[in-house]
Amino acid sequence: MDTLIINRVVPAIRMLTSREKIMTARFDNRKEILSTDSEEDLYDLNFINGSASILVVDETTDPDEIIDDLKVKLSAWFDSRIGHPDYIFMKGIGLVAIAKNAALLDVLLGAQEELVAAVSGRVQDKIAIVTGGAQGFGGGIAELLYAQGANVVVADLNEEVGRKMVDKLNSKKQTNQAYFIKANVVSPESVEDMITATVKQFGGLDVIISNAGILRAGGLDEMTPEIFSVMTDVNYKGYFLCAKYASAVMKVQSQYRDDYFTDIIQINSKSGLKGSNRNFAYAGGKFGGIGLTQSFAMELMPYRIKVNSICPGNFFEGPLWSDPEKGLFVQYLKADKVPGAENIKDVKAFYEAQVPAGRGCRVIDVVRAIFYVMEQEYETGQAVPVTGGQNMLN
Ligand SMILES: NC(=O)c1ccc[n+]([C@@H]2O[C@H](COP(=O)([O-])OP(=O)(O)OC[C@H]3O[C@@H](n4cnc5c(N)ncnc54)[C@H](O)[C@@H]3O)[C@@H](O)[C@H]2O)c1
C-alpha cells in the first residue's frame with residue numbers, strides 16, 4: 001500500500017505544486033505524524049512552525065482520489081495565495097514537505113538549520129539515481145552530478161564504500177543532497193525499493209543512470225554457464241529492472257506536467273558496439289542493452305522520457321581495470337589476451353595504442369555525454385560513443 005501511494009502520489013504532488021521551478025519534496029510518516037488527525041494538531045508537532053502553510057486532503061487510501069482532491073484544492077490555493085503549501089497532509093498516510101531544495105526540506109521536517117552553500121549548476125535540484133555509484137565510473141558520475149547541483153542517490157551493493165561516497169558529497173554542504181540506498185540491480189524487489197526510497201527522500205525522479213555492471217573476461221573454454229548468467233543478470237536484466245521501475249514514476253510526473261522531460265541513461269560500453277575477443281559474455285549483454293535502449297525509447301518518448309546509452313571506452317584509471325587483484329589488466333595478463341605481454345604495463349600500453357586520442361576514457365568525458373543527452377529534447381534511443389575515436393559509427 002505504501003509503495004503504491006508513495007510512487008503514485010508523491011511525484012504528482014511534486015509536479016502539481018511546481019510552477020516555474022520544479023520543486024523537491026519529502027515524504028514522512030513518523031508515528032507522531034500518523035497519530036495526528038487535524039491541521040490544528042499538526043501545528044503541535046515540534047517541527048512545524050506557526051507560519052507554515054498546510055493543505056489537508058480528504059481521507060482516503062485511493063491514490064486517484066487523493067490526486068483528484070489535491071488538484072481541486074491546489075487550484076483554489078494558487079488562485080488565492082502566493083506560493084505553494086509547505087506541507088500536504090494525508091491523514092493516516094503521512095506528510096509531504098515541499099521546498100525548492102533538499103536543504104530546506106530538512107528544515108521543514110525538523111532538522112537543525114545549517115549553513116549551506118547555494119550552487120547553480122547544470123542539473124540544479126534534479127533528482128538522479130546512479131546505480132553502482134559507490135566507485136569507478138558511477139562514483140565519478142555521482143560526484144560530478146552532485147557538484148552541478150543534483151540530488152544524487154548512490155545506489156550500490158557495497159554499503160561501506162557507497163556511504164563513504166555520500167558522506168564525502170554531503171560534507172560540501174550544498175543545498176542539494178546525496179543519499180545512499182543499498183540496492184541490488186538484479187533483484188526486482190530491491191530495484192523497486194530503491195525507486196520508492198528515492199521518491200520518499202526527494203519527491204520524484206528525473207534521471208536514472210543505470211551504471212552498475214560487472215566484467216569477467218574469458219573465452220569459450222573458460223566461461224562457465226554460471227558466470228555467464230551472473231554477468232547477464234547484472235549487465236542486461238539489471239538495466240531492464242531499472243528502466244521498468246524508474247519509468248513508472250517518470251510517467252506519473254509526465255502526466256501532471258506536460259513540458260517536463262526525464263532521462264533513462266544506460267552506461268554501456270564500446271563493447272556494446274563491437275565484439276570483444278574472449279569477452280563475449282560482457283559484449284553480448286552490452287549489445288543487448290542497446291536493443292533495450294532503442295525499444296524503451298520508442299515506448300517512452302510519448303511520456304517525454306528519453307532513453308539513451310552512453311558507450312565509454314576503457315577507463316584505465318578505474319578499479320575495473322586497475323584493481324591489483326581482480327582488475328582487467330591482471331585478468332587479461334592471465335588470460336593471455338595480449339600476445340607477448342609480460343606485465344601489466346605491457347597490457348596497458350597495448351590498449352592505449354588502440355585509441356586515436358592516445359589515452360583512456362575519463363569520468364568527465366562520460367559526464368559531458370550525460371549532459372548532452374539530458375539537455376537536448378530532440379533525440380532518444382541513441383548509443384553515444386565516448387571512445388577517443390576508437391569506435392566510429394557507420
Ligand atoms: N571501466 C571501464 O573501462 C568501462 C568501460 C566502458 C564501460 N564501462 C561500464 O561502466 C559501468 C561501471 O563500470 P566501472 O568500471 O566503474 O565498475 P566498478 O567495478 O569500478 O564499479 C561498479 C560498481 O557497481 C556496483 N555493483 C556491482 N554489481 C551490482 C549490483 N548487482 N547491484 C548494485 N550495484 C552493483 C559495485 O559494488 C561497484 O561499486 C559498467 O556498466 C561498465 O560496464 C566500464
Side-chain angles (χ1 to χ4, degrees), residues 129-144 153-166 180-191 193-194 208-217 229-242 265-274 276 279 281-290 292-293 309-332 347-348 351-352 354-355 359-363 365-367 369-370 383-388 390-391:
I129 296 177
V130 185
T131 70
Q135 64 162 42
F137 267 144
I141 292 167
E143 286 191 88
L144 292 185
V153 172
V154 171
D156 206 291
L157 261 184
N158 189 334
E159 192 161 354
E160 198 191 327
V161 183
R163 284 196 188 280
K164 266 194 203 139
M165 171 61 70
V166 160
F180 178 76
I181 298 171
K182 184 167 182 179
N184 182 354
V185 298
V186 307
S187 152
E189 294 76 25
S190 177
V191 175
D193 287 350
M194 166 184 88
I208 184 164
I209 314 280
S210 174
N211 163 82
I214 54 170
L215 192 156
R216 304 278 176 273
S229 294
V230 171
M231 285 181 61
T232 307
D233 275 355
V234 180
N235 296 345
Y236 181 66
K237 182 180 159 193
Y239 174 35
F240 150 65
L241 292 174
C242 287
I265 300 174
Q266 184 212 20
I267 302 301
N268 198 289
S269 168
K270 69 177 174 48
S271 303
L273 300 170
K274 190 165 180 255
S276 182
N279 194 20
Y282 183 73
K286 293 293 188 184
F287 266 68
I290 291 176
L292 296 183
T293 289
S309 292
I310 289 171
C311 301
N314 299 326
F315 176 30
F316 295 134
E317 282 78 36
L320 185 78
W321 281 86
S322 289
D323 185 287
E325 280 155 36
K326 295 180 292 181
L328 288 180
F329 288 133
V330 177
Q331 286 188 51
Y332 287 172
V347 181
K348 189 174 181 201
Y351 282 97
E352 275 172 350
Q354 296 173 21
V355 187
R359 65 163 173 88
C361 184
R362 297 177 186 144
V363 172
D365 303 314
V366 174
V367 172
I370 291 176
V384 182
V386 186
T387 65
Q390 198 174 356
N391 278 66

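Numbering of ligands and ligand atoms starts at 1, following listing order.
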Is it the side chain, the backbone, both or neither of [X] that has a heavy atom closer than 4.0 Å to ligand 1?
X    : value
L328 : neither
F316 : neither
K286 : side chain

Query - Contact check, N268 vs ligand 1, heavy-atom distance below 4.0 Å - result: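 For ligand 1, residue contact (heavy atoms, under 4.0 Å) with N268 is present.
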Sidechain-backbone polar pair: [X] side chain, [Y] backbone, donor-acceptor under 3.5 Å:
X    : Y    : result
D156 : N158 : yes
S210 : I265 : no
T131 : A212 : yes
N268 : I310 : no
N184 : L157 : no
N279 : A217 : no

Which atom names give the shortest non-hydrogen contact between [X] and [Y], and what distance separates them?
X    : Y    : result
I290 : S309 : CG1-OG, 4.2 Å
G272 : K286 : CA-CB, 3.6 Å
F316 : G360 : CD1-CA, 3.5 Å
Y239 : G289 : CE2-O, 3.5 Å
M194 : I181 : O-CD1, 3.6 Å

For ligand 1, which atoms, with element, lie under 4.0 Å from some heavy atom of [X]?
X    : answer
N314 : 3 (O)
A134 : 39 (O)
N211 : 10 (O), 11 (C), 12 (C), 40 (C), 41 (O)
V185 : 30 (C), 31 (N), 32 (N), 33 (C)
G132 : 23 (C), 24 (O), 25 (C)
P319 : 20 (O)
A183 : 32 (N), 33 (C)
G136 : 16 (O), 20 (O)

Options [options], ranked by nearest heavy atom to [atom], top entry:
atom                    : options                : answer
atom 37 (O) of ligand 1 : N158, L157, V230, D156 : D156
atom 22 (C) of ligand 1 : G138, G213, G327       : G213
atom 5 (C) of ligand 1  : G313, G140, C361, S269 : G313
atom 42 (C) of ligand 1 : Y282, F315, Y351       : Y282

Nearest non-hydrogen protein atom, [atom]:
atom                    : result
atom 21 (O) of ligand 1 : Q135 NE2, 3.4 Å
atom 1 (N) of ligand 1  : L320 CD2, 3.1 Å
atom 31 (N) of ligand 1 : N184 OD1, 2.9 Å
atom 6 (C) of ligand 1  : P312 O, 3.3 Å
atom 35 (C) of ligand 1 : A212 CB, 3.7 Å

Requested in this report: Describe, in one word, how the ring planes of F315 and F137 are oriented to each other, choosing from parallel (under 30°), tilted (30 to 60°) and perpendicular (over 60°).
Outcome: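 Answer is parallel, since the angle falls under 30°.
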Query raised in the report: So is there a nitrogen or oxygen of K270 less than 3.5 Å from a nitrogen or oxygen in ligand 1?
Result: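 No, K270 has no N/O under 3.5 Å of an N/O on ligand 1.
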Requested in this report: In sequence, state the C-alpha distance, the side-chain angles, and the governing distance for I141 and I267, and then conclude on side chain to side chain contact (heavy atoms under 4.5 Å, CB included).
Outcome: CA-CA 10 Å; I141 292 167; I267 302 301; 4.0 Å; yes
